[in-house]
Amino acid sequence: MILDVSFPSPKLLFLRRMSHKKVRVRFAPSPTGGLHLGGVRTVLFNYLFARHHGGEFVLRIEDTDQTRYVPGAEEYIIECLRWCGLDADEGPHKGGPYGPYRQSERKALYRQYAEQLVASGHAYYAFDTPEELEAMRELEKSRGNHSPQYNQRIRRTMHNSLTLEAAEVKALLDKGTPHVIRIKMPEHAEVRFTDMIRGEVSFQTDIVDDKVLLKADGMPTYHLAVVVDDYLMKITHAFRGEEWLPSAPVHILLWKYLGWESSMPEWAHLPLILKPDGNGKLSKRDGDRLGFPVYAMNWLDPKTNELTQGFRERGFLPEAFVNMLAMLGWNDGSGQELFSLDELVQKFSIERVHKGGAKFDYEKAKWFNHQYIVKKDDAALATLFQPVLEEKGLHPDPAYTARIAGLVKERCHFVNEIWDHGFFFFTRPEKYDTDAVKPKWTAEKQAFFETWTAALNDLEDFTFHTLEEHFKQLAVEKNIKPGELQLPFRIMLCGGKFGPPVFVIAETLGKKETLERIKLGLAAIQA
RNA sequence: GCCGCGUUGGUCAAUCGGCUAAGACGCCUCCCUUUCACGGAGGAAUGACGGGUUCGACUCCCGUACGCGGUACCA
């Protein structure tokens, strides 16, 4: 017999549309380490969806596995959200009407629901010890069962309230025997639901096992906790990674068995972010291997003391990081790629999220950052660049730094590259690329610079335009092609073949410094 | 193995049955600039495969292949 369990039913869909419930979404990470790029994107999509619909965004910490708890990870996640500008409306850091927002602090809540399921016949107690489970798996494997599951067949052979006499179960329970509560998957049924991204998805219940709902330590597993908390926190739309799709039928059945079917959120399983080379989920390892960050911010593992670099510390602007992430799996169809957060909020729609995974392209990420650096105003850039200067013991006037930032930002992918492209504005060159000049150096050129230096002393209008005119005019008089003199001039001012237009550099440096550098440069060329 | 989900250039991707298949990143050539970048003009490069359905299929259906995910008292 095929029992068709289809959610949500057309009637429910209708009722839901009529009710206009306030949109509530949540990001529910487990605090086990650094926050992965994919995690931030899940946050982003949650945030955008919530804001777009005038709803609320909740941060919930899923710390049900006490063995995997990592100190500092929760604070780290909160700081990542803050940095990205995607802070939650409710969460452990700011409270809210549906708290507590840490599952470890909600522990007492879950047991009653698990018991309720046992009472209604949808779940059962299981007393099997880890050793017994292991033995079962070994036996099954030896029989050629590739991945042994605690399923409809196996549960009949195990130590649980389905196989034991009621009195015996009661005795075991009274004695405080360690046990878990497992869901009793229905036989020969089909669970079907509509995913906002994938459309209709269906599963046969026969192939999914009796997942543990409540662990022996009294903590719920993800399966129970996510359903109970989404219900209690009135979540209307649940976004999560594609890796959760296979366990969706368990969650959906739980919503039904708990009697909450009419409040079940709509589901959206987001595509994965893949590694650039080869296939598979992008991992921290890939970043280390290929030389780019994977975590949002620096993460110092308290256990190993290993530091993993993040996008923030690498020099990414949060706006760029967020924009880049948004385009990994979503677009508005217009071809536009640069969006402010407000624009994203306005234009985001879950229907336009891709089904397939996207390979992460670091070059494209850099391009996004470059775009935002160019866009950013010079003073703000200068502020961000300030620490780099201070680290070098330099304390220039902020207005000057801003001017330099404006001059060189077009050639920077990262804020700290302002130094690489404009260090000579802050300090005299220590070495000169004389190889670029010497081979074609002549006495005439030498004379030109000597004459020009003298003339410069009397030049009142020390602006790039006048300088250029003056320079070229003199070159013509001396019968030298102006172009042949510009490179040497550049080398004298910067030390090498880089930087903004050379007369702009001279103007920015000012007359005194320019003259000084010509003198120094000339000496270096002759040396 | 089983189950699920995917599959348009190297990468991100548009297309919702009419395609001579957009755009962006990257790459290459040229122009601008005797630095680099920006900017501009070009270029190479794409529908996994096989069957249907249809006047017409990248688009719909079915297989196959490939990839990924899941298969824990982890999330």
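Protein chains get the first letters and strands the later ones, always in sequence-line order, with residue 1 at the start of each.
A cation-pi arrangement is absent between Arg192(A) and Phe203(A) under the rule of less than 6.0 angstrom and at most 45 degrees off the ring axis.
At whole-Å resolution of the value, NE2 in His354(A) and P in U7(B) are 9 Å apart. Rounded to a whole Å, the CG atom of Asp286(A) is 16 Å from the P atom of U11(B). Taking atom CG of residue Leu338(A) and atom P of nucleotide G23(B), one finds them 18 Å apart after rounding to whole Å. Rounded to whole Å, the distance from NZ on Lys355(A) to C1' on C16(B) is 10 Å. If you measure from atom CD1 of Ile154(A) to atom P of U71(B), you get 18 Å, rounded to the nearest angstrom. Nucleotide C5(B) holds its P atom 10 Å from the CD atom of Glu200(A), rounded to whole Å. C5(B) atom P lies 9 Å from atom CZ of Phe193(A), rounded to whole Å. When rounded to the nearest whole Å, the span between CE of Met158(A) and P of A72(B) equals 13 Å.
With sequence neighbours left out, Asp435(A) forms a salt bridge (Lys or Arg N to Asp or Glu O under 4.0 Å) with no residue at all. By the side-chain hydrogen bond (donor to acceptor under 3.5 Å, both in side chains) test, Glu62(A) pairs with Arg60(A), Gln103(A), sequence neighbours left out. Remark: Arg26(A) engages Asp230(A) in a salt bridge (Lys or Arg N to Asp or Glu O under 4.0 Å) (not counting sequence neighbours). Every side-chain hydrogen bond (donor to acceptor under 3.5 Å, both in side chains) that Glu337(A) has, sequence neighbours left out, goes to Lys364(A). Remark: Phe498(A) engages Phe423(A), Phe424(A) in a ring pair (Phe, Tyr, Trp, His ring centres under 6.0 Å) (not counting sequence neighbours). Residues meeting the salt bridge (Lys or Arg N to Asp or Glu O under 4.0 Å) test with Glu444(A), sequence neighbours left out: none.
Residue-to-nucleotide proximity on RNA chain B shows that, of His370(A) and Trp330(A), the 5′-proximal contact is made by Trp330(A). Along RNA chain B, the nucleotide closest to Asp209(A) and the one closest to Lys409(A) are compared, and the more 5′ of them pairs with Lys409(A).
Taking the six-membered ring where the residue is Trp, the centroids of Trp330(A) and Phe45(A) are separated by 6.0 Å or more. If you look at Phe321(A) and Phe368(A), their ring centroids are not closer than 6.0 Å. Outside the 6.0 Å centre-distance limit, the rings of Phe311(A) and Phe292(A) are not counted as a close aromatic pair. Close placement of the Tyr222(A) and Trp244(A) rings is indicated, their centers lying within 6.0 Å of each other. Between Phe316(A) and Tyr372(A), the ring centre distance reaches or exceeds 6.0 Å.
Of the candidate nucleotides C5(B), C68(B), A37(B), C68(B) has the atom lying nearest to any side-chain atom of Leu272(A). Side-chain atoms of Glu410(A) lie closest to C38(B) of the nucleotides C38(B), A13(B), G6(B).
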Set out, line by line, the N/O atom pairs under 3.5 Å between protein and nucleotides 24-33 of chain B.
{"unit_1": "A24(B)", "atom_1": "O4'", "unit_2": "Glu337(A)", "atom_2": "OE1", "d": "3.1"}
{"unit_1": "A24(B)", "atom_1": "O2'", "unit_2": "Glu337(A)", "atom_2": "OE1", "d": "2.3"}
{"unit_1": "A24(B)", "atom_1": "O2'", "unit_2": "Lys364(A)", "atom_2": "NZ", "d": "3.0"}
{"unit_1": "A24(B)", "atom_1": "N3", "unit_2": "Lys364(A)", "atom_2": "NZ", "d": "3.3"}
{"unit_1": "C25(B)", "atom_1": "O4'", "unit_2": "Lys364(A)", "atom_2": "NZ", "d": "3.4"}

Protein-nucleotides 73-75 of chain B N/O pairs closer than 3.5 Å?
{"unit_1": "C73(B)", "atom_1": "OP1", "unit_2": "Arg137(A)", "atom_2": "NH2", "d": "3.4"}
{"unit_1": "C73(B)", "atom_1": "OP2", "unit_2": "Arg182(A)", "atom_2": "NH2", "d": "3.2"}
{"unit_1": "C73(B)", "atom_1": "O2", "unit_2": "Ala216(A)", "atom_2": "N", "d": "2.8"}
{"unit_1": "C73(B)", "atom_1": "N4", "unit_2": "Asp128(A)", "atom_2": "O", "d": "3.1"}
{"unit_1": "C74(B)", "atom_1": "OP2", "unit_2": "Lys215(A)", "atom_2": "NZ", "d": "3.0"}
{"unit_1": "C74(B)", "atom_1": "O2'", "unit_2": "Asp65(A)", "atom_2": "OD2", "d": "3.3"}
{"unit_1": "C74(B)", "atom_1": "O2'", "unit_2": "Arg68(A)", "atom_2": "NE", "d": "3.2"}
{"unit_1": "C74(B)", "atom_1": "O2'", "unit_2": "Arg68(A)", "atom_2": "NH2", "d": "3.2"}
{"unit_1": "A75(B)", "atom_1": "OP1", "unit_2": "Thr64(A)", "atom_2": "OG1", "d": "2.6"}
{"unit_1": "A75(B)", "atom_1": "OP1", "unit_2": "Lys215(A)", "atom_2": "NZ", "d": "2.9"}
{"unit_1": "A75(B)", "atom_1": "OP2", "unit_2": "Tyr222(A)", "atom_2": "N", "d": "3.3"}
{"unit_1": "A75(B)", "atom_1": "O3'", "unit_2": "Glu62(A)", "atom_2": "OE1", "d": "3.3"}
{"unit_1": "A75(B)", "atom_1": "O2'", "unit_2": "Ser30(A)", "atom_2": "OG", "d": "3.2"}

Which atoms of nucleotides 46-50 of chain B (N or O only) lie under 3.5 Å from a protein N or O atom, and what are those distances?
none

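Comparing G43(B) with A22(B), their P atoms sit 12 Å apart, to the nearest whole Å. For the C1' atoms, the distance from C62(B) to U54(B) is 16 Å, rounded to whole Å. The separation of A24(B) from C38(B), taken at their P atoms, amounts to 14 Å, rounded to a whole angstrom. For the C1' atoms, the distance linking C28(B) with A65(B) amounts to 34 Å, nearest Å. Of the C1' atoms belonging to A45(B) and G9(B), the separation is 5 Å, rounded to the nearest Å. Spacing of P atoms, U64(B) relative to G4(B), comes out at 12 Å, to the nearest Å. If you take atom C1' in U7(B) and the same atom in C12(B), they sit 15 Å apart, rounded to whole Å. A48(B) and G70(B) are spaced 25 Å apart, taking the P atom of each and rounding to whole Å.
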Apply the test side-chain contact (heavy atoms from CB on, under 4.5 Å) to residues His421(A) and Arg411(A): give CA-CA distance (whole Å), side-chain angles for both, the deciding distance (0.1 Å), then the verdict.
CA-CA 7 Å; His421(A) 292 109; Arg411(A) 41 215 104 194; 3.7 Å; yes
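Of all the residues in residues 488-498 of chain A, Arg490(A), Lys497(A), Phe498(A) reach under 4.0 Å from RNA chain B with at least one non-hydrogen atom.
Applying the side chain to side chain contact (heavy atoms under 4.5 Å, CB included) test between Val191(A) and each of Val201(A), Val208(A), Ile252(A) identifies Ile252(A) as the sole match.
A donor N or O paired with an acceptor N or O is not found under 3.5 Å between the base of C5(B) and the side-chain atoms of Arg198(A).
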Bracket string, RNA chain B, 5' to 3' - pairs by Watson-Crick or G-U geometry under 3.5 Å, | interstrand:
(((((((..(((.....[....))).(((((.......)))))....(((((..]....))))))))))))....
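At a threshold of 4.0 angstrom between heavy atoms, the contacts of Lys281(A) are confined to the sugar-phosphate backbone, with no base atom among them. Looking at heavy-atom distances under 4.0 Å, Val201(A) makes contact with sugar-phosphate atoms alone, never a base.
In this structure, a donor-acceptor pair under 3.5 Å is absent between the side chains of His413(A) and Asn369(A). Using a 3.5 Å distance cut-off with no hydrogens or angles, the side chains of Arg352(A) and Asn331(A) do pair a donor with an acceptor.
Salt bridge present: Glu140(A) and Arg153(A) bring a charged side-chain N and a carboxylate O closer than 4.0 Å.
The list of salt bridge (charged side-chain N to carboxylate O under 4.0 Å, His left out) pairs with a residue in residues 479-505 of chain A, not counting sequence neighbours, reads Lys445(A)-Glu484(A).
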